[in-house]
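Okay, structure first, notes after.
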Amino acid sequence: MGSCSGRCTLLALCALQLVTALERQVFDFLGYQWAPILANFVHIIVVILGLFGTIQYRPRYIVVYAVWAAVWVTWNVFIICFYLEVGGLSKDSELLTFNLSRHRSWWEEHGPGCLHEEAATARLGVMHGQSLVVDAGCAMAYSYVETLHSGLQILLALLGFVYGCYVVSVLTEEEDSFDFIGGFDPFPLYHVNEKPSSFLSKQAYLPA
């Protein structure tokens with residue numbers, strides 16, 4: 001039941017989304033990014049729902065997954081605009097942390113190639129837990145690392161949306177064709193003619 005190629009591709013996409021979302025959730029927890037943490041949590045739940053719907057042939061669950069995929073694309077576009085400071089947004093704001101911490105991104109202090117300047121900050125009396133890394137010297141700025149993460153999520157979500165719609169259409173067509181044959185009819189047509197035929201046979205054997 002259902003196209004194996006479409007279902008298998010959707011299962012693979014959901015599994016890949018789940019792995020990348022868990023990886024992103026870990027680094028958002030380390031960076032105290034509370035808004036992305038909540039968004040990632042909802043995303044993980046919906047992806048698991050999409051996996052369950054694909055395995056158990058539940059089109060409604062796949063529809064929920066497809067709708068969320070569109071929302072997830074919008075959210076990641078906002079994240080890209082936030083870190084690239086598009087449309088008046090500033091990556092130095094505390095919008096993603098709900099003003100609960102001064103951390104901005106785990107990658108700001110632990111990005112690829114970043115060098116810690118603990119000695120200089122110690123002389124300045126910087127408290128433990130504050131930023132110890134200057135953005136210069138990193139192989140890639142943390143804003144670009146976050147942008148790449150969001151770009152990957154957008155790509156997977158778009159593919160998931162396309163394959164989700166395809167699998168839903170295939171499952172719906174198969175259910176409609178099975179119902180048209182009479183697979184879900186609790187009273188088949190041959191039961192309707194059973195009583196009249198027996199009644200007519202009895203009438204034929206009545207004495208004149």
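Since this is a predicted model, take the numbers as computed values, not measurements.
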Assess whether atom [atom1] of [X] is packed by more than 12 heavy atoms of other residues, nucleotides or ligands within 6.0 Å.
{"X": "Y163", "atom1": "OH", "result": "no"}
{"X": "F27", "atom1": "CZ", "result": "yes"}
{"X": "F41", "atom1": "CZ", "result": "no"}

Q.
Does H43 form a side-chain contact (heavy atoms from CB on, under 4.5 Å) with V47? I'd like the steps, not just the answer.
A. CA-CA 6 Å; H43 180 61; V47 170; 3.6 Å; yes
Closest contact, heavy atoms only, [X] versus [Y]:
{"X": "V42", "Y": "W68", "value": "CG1-CH2, 3.7 Å"}
{"X": "A21", "Y": "I44", "value": "CB-CG1, 3.8 Å"}
{"X": "A39", "Y": "W72", "value": "O-CZ3, 3.6 Å"}
{"X": "Q33", "Y": "T97", "value": "NE2-CG2, 3.5 Å"}
{"X": "I62", "Y": "G164", "value": "CG2-O, 3.6 Å"}
{"X": "T172", "Y": "V168", "value": "OG1-O, 2.7 Å"}

Hydrophobic cluster membership, [X] vs [Y], 4.5 Å side-chain cutoff:
{"X": "V86", "Y": "Y142", "result": "yes"}
{"X": "W75", "Y": "V77", "result": "yes"}
{"X": "L148", "Y": "L30", "result": "yes"}
{"X": "V19", "Y": "V145", "result": "no"}

Q) Who pairs with W107 by side-chain hydrogen bond (donor to acceptor under 3.5 Å, both in side chains), at least two apart in sequence or on another chain? A) none
Q) Mind checking what makes side-chain hydrogen bond (donor to acceptor under 3.5 Å, both in side chains) contact with Y65, not counting sequence neighbours? A) Q17
Q: Mind running side-chain contact (heavy atoms from CB on, under 4.5 Å) on L84 and Y144 for me, showing each step along the way?
A: CA-CA 8 Å; L84 296 183; Y144 295 122; 3.9 Å; yes
Gap separating the [atom1] atom of [X] from the [atom2] atom of [Y], nearest 0.5 angstrom:
{"X": "Q153", "Y": "I79", "atom1": "CD", "atom2": "CD1", "value": "11.0 Å"}
{"X": "S105", "Y": "F82", "atom1": "OG", "atom2": "CZ", "value": "9.5 Å"}
{"X": "H149", "Y": "I154", "atom1": "NE2", "atom2": "CD1", "value": "13.5 Å"}
{"X": "R24", "Y": "L22", "atom1": "CZ", "atom2": "CG", "value": "12.5 Å"}
{"X": "L18", "Y": "L13", "atom1": "CG", "atom2": "CG", "value": "12.5 Å"}
{"X": "L96", "Y": "L38", "atom1": "CG", "atom2": "CG", "value": "11.0 Å"}

Q: Taking the side chain as every heavy atom from C-beta outward, state whether L89 and F78 have any atom pair closer than 4.5 Å.
A: yes
Q: Enumerate the residue pairs fulfilling salt bridge (Lys or Arg N to Asp or Glu O under 4.0 Å) with a member in residues 92-101, sequence neighbours excluded, ordered by first and then second residue.
A: D92-R104
By side chain to side chain contact (heavy atoms under 4.5 Å, CB included) - contacts of [X] (at least two apart):
{"X": "V162", "answer": "none"}
{"X": "I37", "answer": "Q25, D28, F29, W34"}
{"X": "F161", "answer": "A66, A69, C165"}

Q: Would you check if the side chain of S150 reaches a backbone N or O of T147 as a donor-acceptor pair within less than 3.5 Å?
A: no
(Q) Quick one: does any side-chain atom of R7 pair with a main-chain N or O of V167 as donor and acceptor, under 3.5 Å? (A) no
Q) Mind checking whether W106 and H110 have parallel, tilted or perpendicular rings, split at 30° and 60°? A) parallel
